[in-house]
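Have a look at the structure below before the remarks.
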Amino acid sequence: MFVSPLFALEEKLGANFGEFAGWNMPMTFTNYQEEHMAVRNGITVFDLSHMGRLRVKGNPNELEELIAKELTKAMPSQMIGPTAFLNDKGGFVDDVMTYKVSDSEYLLVTNAINREKVIKWIRSNSSLAVEDLTFDLVMLAIQGKKVKDIFDVDQISHMIFKLNSKFLGKEVFLLSRSGWTGEDGVEIWAKPEIAGAILNELVQMGVKPAGLVTRDSIRQEMGYLLYGEDIDEETTPIEARYWVFSMNKNFIGKDAIVEQLKSGVKKIRFGFKMKKGLRIIPRNGNSVSSLGYKIGHVTSSTFSPFLNRAIGMGYISPSHFFLGYTLEVEVRGKTYEIKVDDFPFI
Amino acid sequence: MAEIKVGKYTVLSDLLYTETDEWVKLEGNVATVGITDYAQKKLRDIVGVELPEVGRTFSIGDSVGVVESVKAAVDIYAPLSGQVTEVNGLLTSSPELMNKDPYGQGWIFKLNCTDLNEKVKLMDAENYVKKIQKGE
């Protein structure tokens, strides 16, 4: 199993580790409720070293053909995304973030579980050169309502990145104004020793280290999708209501998407909330019904400490997708009411 | 009660334990039951619990309730046969007590045991330590 280069430091900081996508990563440092609220009300730092980080070089038209959003119109230093590699059926090979370094050079962040698959996908569908930077650099996300208290985030615009920049006076490979929490923040890629020093300094400044359990509850409040749970090779952006493509260009999977836009879909992603105070979490695969008739299933769910209720998402028949409508979810043989809602939940 | 450390897990010397990671404190016929430090750490953040009804009787090994964590939901089993005499109502609003203080404030229910001979089916602390070591 892979481990973050910051493993020893994180162990000293009290991390509880667990397996995620073949990596042994911090799941929590204290508990997810505290860490979750620290994102919403304070500042946190996440180690995201498990995410795939790739450098892609070559003919820009080739990457344009592979990726669903328009890249060539963007300016260098601009992030484009989320976008996706799709298969011929329009299903997700992966959803990715792209960083345009120049017309012929891009950086990509992939889901940890798909890093090798994306490398193979690019190599088998193009002559682009792919370099895997994942094991050379650590990725940290500094996120939270009060991030401005410790770093002047306004020196960099949203979805813009800088290479060979400085964070807290230390040389980092990449600094971007981005995140996956719904709060303000920056993400950095840095050599392990520098990332370790930054993590240490952040903790001394009062920034709360947070783990992947918190990341999961935070992203669900925003309605962000997780590959492997909410999207996969059998799910298209139309079904997922995930606008990762552009209709102004050609890309692998576009024909299938156009077809779905013409003829409609059989399933659609929906959000739901359970009743307040009901401390039951539906699980991936639990069935969703209307008047006792099965119309879909749950893909992700958690208990939101911010909303003090269980929330989640899944797929249902589009004919039942009414905001505010009450459906039923079956959890361990019992049926509970859920209300159809939309994202973000907060 | 002496604490035994097994890596990051704590086992208490004077309790009895089940294969399904409940701890049992026996005082006469009354068994106080909770989940072990090992179990709560494996489950991580506990967000809910379904408590058994007071007055219900269970046989050894019956499912009496559910502990719901962000990671998974697991059944709680009756470590011995008997009737539930009390449940820890605090857990309804503060289920995280099972994380914070699994052997204390995180207790789940009390059982009036009907057959103390069943005690032989439980593990002492020494054997529970071995079980944890085997599982790690």
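Values below: every heavy atom of this structure, side chains too, minus hydrogens, waters and symmetry copies. Lettering of chains follows the sequences in order, A, B, ..., and the numbering in each one begins at 1.
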Residue among A:Val213, A:Ile280, A:Thr302 with most heavy-atom pairs under 4.5 Å to chain B: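 If we count pairs closer than 4.5 Å to chain B, A:Ile280 comes out on top.
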Verify the neighbour count for atom [atom1] of [X]: are there more than 12 heavy atoms of other residues, nucleotides or ligands below 6.0 Å?
| X | atom1 | value |
| --- | --- | --- |
| A:Lys12 | NZ | no |
| A:Glu234 | CD | no |
| B:Gln83 | CD | yes |
| A:Lys273 | NZ | yes |
| B:Arg56 | CZ | no |
| B:Ile60 | CD1 | yes |
| B:Lys25 | NZ | no |

For B:Lys71, which atoms come within 4.5 Å of any heavy atom of chain A: side chain, backbone, both, or neither? backbone
Can you tell me how far CG of B:Asp45 sits from CD of A:Glu34, rounded to the nearest 0.5 angstrom? 9.5 Å
Is any residue of residues 15-33 of chain A within less than 4.5 Å of chain B by heavy atoms, and which ones?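 Within residues 15-33 of chain A, the residues that come under 4.5 Å of chain B (heavy atoms only) are A:Phe17, A:Gly18, A:Met27, A:Thr28, A:Asn31, A:Tyr32, A:Gln33.
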Below 4.0 angstrom, N of the basic side chain to O of the carboxylate: do B:Glu50 and A:Lys334 qualify? yes
Per the salt bridge (Lys or Arg N to Asp or Glu O under 4.0 Å) rule, what does the pair list look like for residues 276-297 of chain A, sequence neighbours excluded? A:Arg283-B:Glu68
